[in-house]
Amino acid sequence: MALSRVYLLRAALWGSAITSDPFVSRRLQLGCSGLVLGAPRSSKLHLSPKADVKSMISYVVTKTKVINEKYHRFLDRNFPRFYVLYTIFTKGLRMLWADAKKARRIKANMLKHNIKFHQLSYREMEHLRQFRRDVIKCLFLGIVSIPPFANYLVFLLMYLFPRQLLIRHFWTPKQQTDFLDIYHAVRKQSHPEILTCLERTIPVISDAGLRWHLTELCSKAQRGTQPAVNDILVLRECFSNHPLGMNHLQALQLKVLSRAMLLTPHLPPFLLRSRLKNHTTVIHQLDKALAKLGIGELTSQEVKSACYLRGLNSTHIAEDRCRTWLGEWLQISCSLKAELSLLLHNVVLFSTNYTGTRHLSEPWSGWHCPTVM
């Protein structure tokens, strides 16, 4: 029996035909299959290369987080002032990166479904508008940092001129409030000139009724009285044609209106007119989208940001007062069609004397704010 097994094994290894007997052939096949199927299995488990890579990545990430936490504690303990700036800068970069990804996603969706800007939701429109202004403001730093070793100069400029060079993500909460007050002070400086330009155009208006209404409106603004919604809407015809239509405004009017909208006035009149048209059109489209959404759906920061964009210094006004003002603004804006000049002047007429704008009630550290461009 033992000799037979040795013989079968030898035949299996060398592949030689042992015999033509069917019984022997069957034993040979069974012996070979037994050799294959009966082989002992290894008791050790080996991870796949992918699992090894994943565990290594997980280990590196964990160690990096531990080192990063120790580094933060070291800075906070030994360099507290620098740590505050470092924290704001890193958070600002993360927020800017998140804004960029969201803007890219919105743009991709617009291209995929052939959607225009005015067809977007209110929050998507506002995000694209604000992100575009942030990118434009960052262009200067990007150009300055191109030459070799210019990074040190960029950091120095960022530290010395944060309001002019940095966007809102890199401001401290106190800087946000202070800078918004400074920007609104720039807007307020142009309000008397705008009212003076309106008074000068009163004799040119042919309709006696419109002349009387515009005179009353300018008198209310000078007396410190907040105009009603109907006081603005009754002048729609006056601001759609000569002399106060968008295409009939003089160079001086374009400059002071640009300062009121925080746009640079140091451009030729045709460029100022084009920028004011585009800016006012975007606000009008935002107003229509906001009317569909409803003011009640906005958060406190979104409400105050919307009011500030439309000329109201909402940094020190209570939220309920801001919602009331924004609701009245939407009544005016949604009643207009092609009277962009009236909406543009409404930034001054409807905000300069609103109750609470000259009193401090509650500070605001909102995220959105316009910049001078």
Side-chain angles (χ1 to χ4, degrees), residues 51-105 126-127 130-131 133-185 299-305 308 313-319 360-372:
D52 292 339
V53 171
K54 287 183 179 179
S55 80
M56 180 63 69
I57 292 176
S58 177
Y59 175 79
V60 172
V61 170
T62 303
K63 285 297 183 181
T64 303
K65 288 182 179 180
V66 173
I67 295 173
N68 190 43
E69 290 176 359
K70 291 182 179 179
Y71 179 64
H72 279 220
R73 288 195 297 269
F74 171 77
L75 290 179
D76 190 18
R77 184 173 56 254
N78 297 281
F79 307 98
R81 295 184 62 182
F82 174 78
Y83 178 70
V84 172
L85 297 177
Y86 171 78
T87 303
I88 293 174
F89 185 75
T90 53
K91 287 183 178 179
L93 286 177
R94 287 197 295 266
M95 293 169 63
L96 181 60
W97 179 247
D99 285 351
K101 291 196 295 184
K102 184 177 180 181
R104 184 172 178 268
R105 186 167 60 251
E126 175 62 21
H127 183 84
Q130 186 63 45
F131 181 73
R133 295 175 72 88
D134 290 343
V135 170
I136 293 174
K137 193 173 183 180
C138 293
L139 281 179
F140 175 76
L141 288 179
I143 295 173
V144 172
S145 61
I146 291 177
F149 307 105
N151 296 334
Y152 303 103
L153 176 61
V154 169
F155 285 117
L156 178 62
L157 293 175
M158 289 166 56
Y159 181 78
L160 295 177
F161 307 100
R163 179 175 64 88
Q164 293 84 353
L165 299 179
L166 297 180
I167 60 176
R168 65 196 188 280
H169 295 320
F170 303 98
W171 293 346
T172 64
K174 185 179 184 302
Q175 285 177 331
Q176 291 177 16
T177 303
D178 294 342
F179 293 166
L180 289 175
D181 287 339
I182 293 174
Y183 281 130
H184 187 70
T299 64
S300 176
Q301 292 179 356
E302 289 175 331
V303 168
K304 295 203 170 189
S305 175
Y308 195 94
N313 186 15
S314 55
T315 54
H316 306 290
I317 303 179
E319 179 186 347
L360 302 181
S361 61
E362 61 177 30
W364 172 49
S365 58
W367 295 110
H368 298 284
C369 65
T371 52
V372 179

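Side chains included, hydrogens not; waters and symmetry mates left out as well; all remaining heavy atoms used. Residue numbers run from 1 in the order of the sequence given.
Residues in residues 145-156 take part in no salt bridge (charged side-chain N to carboxylate O under 4.0 Å, His left out) pair, two or more places apart or across chains.
Qualifying side chain to side chain contact (heavy atoms under 4.5 Å, CB included) partners for Thr299, counting only residues two or more places apart in sequence or in other chains: Gln301, Glu302. Residues that satisfy the side chain to side chain contact (heavy atoms under 4.5 Å, CB included) test with Lys174, not counting sequence neighbours, are Thr172, Asp178. The side chain to side chain contact (heavy atoms under 4.5 Å, CB included) test applied to Ile57 returns Val53, Val61, not counting sequence neighbours. In terms of the side chain to side chain contact (heavy atoms under 4.5 Å, CB included) criterion, residue partners of Leu141 (sequence neighbours excluded) are, by chain and number, Val154, Met158, Leu165, Leu166. With sequence neighbours left out, the side chain to side chain donor-acceptor pair (under 3.5 Å) criterion links Lys70 to no other residue. Among residues two or more places apart in sequence or in another chain, the ring pair (Phe, Tyr, Trp, His ring centres under 6.0 Å) test is passed with Phe89 by Phe170.
Residues Asp99 and His127 form a side-chain contact, since some pair of their non-hydrogen atoms from C-beta on lies under 4.5 Å apart. Residues Ile88 and His169 form no side-chain contact, since every pair of their non-hydrogen atoms from C-beta on lies 4.5 Å or further apart. Side-chain contact between Arg133 and Ile167: absent, with no pair of heavy atoms (C-beta onward) separated by less than 4.5 Å. Counting only heavy atoms from C-beta outward, the side chains of Arg168 and Gln176 never approach each other to under 4.5 Å. Inter-residue side-chain proximity for Lys304 and Thr315 is flagged as unmet; no heavy-atom pair is nearer than 4.5 Å. Side-chain contact check for Tyr183 versus Arg163: some heavy-atom pair is nearer than 4.5 Å.
Taking each heavy atom of Ile143 and Pro147 in turn, the nearest pair found is O-CD, 3.8 Å. Residue Ala103 comes nearest to Phe131 through the heavy atom pair CB-CD2, 3.7 Å, listed as atom of the first residue, atom of the second, then distance.
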Audit row: His316, Thr177, side chain to side chain contact (heavy atoms under 4.5 Å, CB included) steps and yes/no: CA-CA 9 Å; His316 306 290; Thr177 303; 3.8 Å; yes
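In this structure, the side chain of Tyr308 does not engage the main chain of Val303 through any donor-acceptor pair within 3.5 Å.
Between Met95 atom CE and Asp134 atom CG the span is 10.0 Å, to the nearest 0.5 Å.
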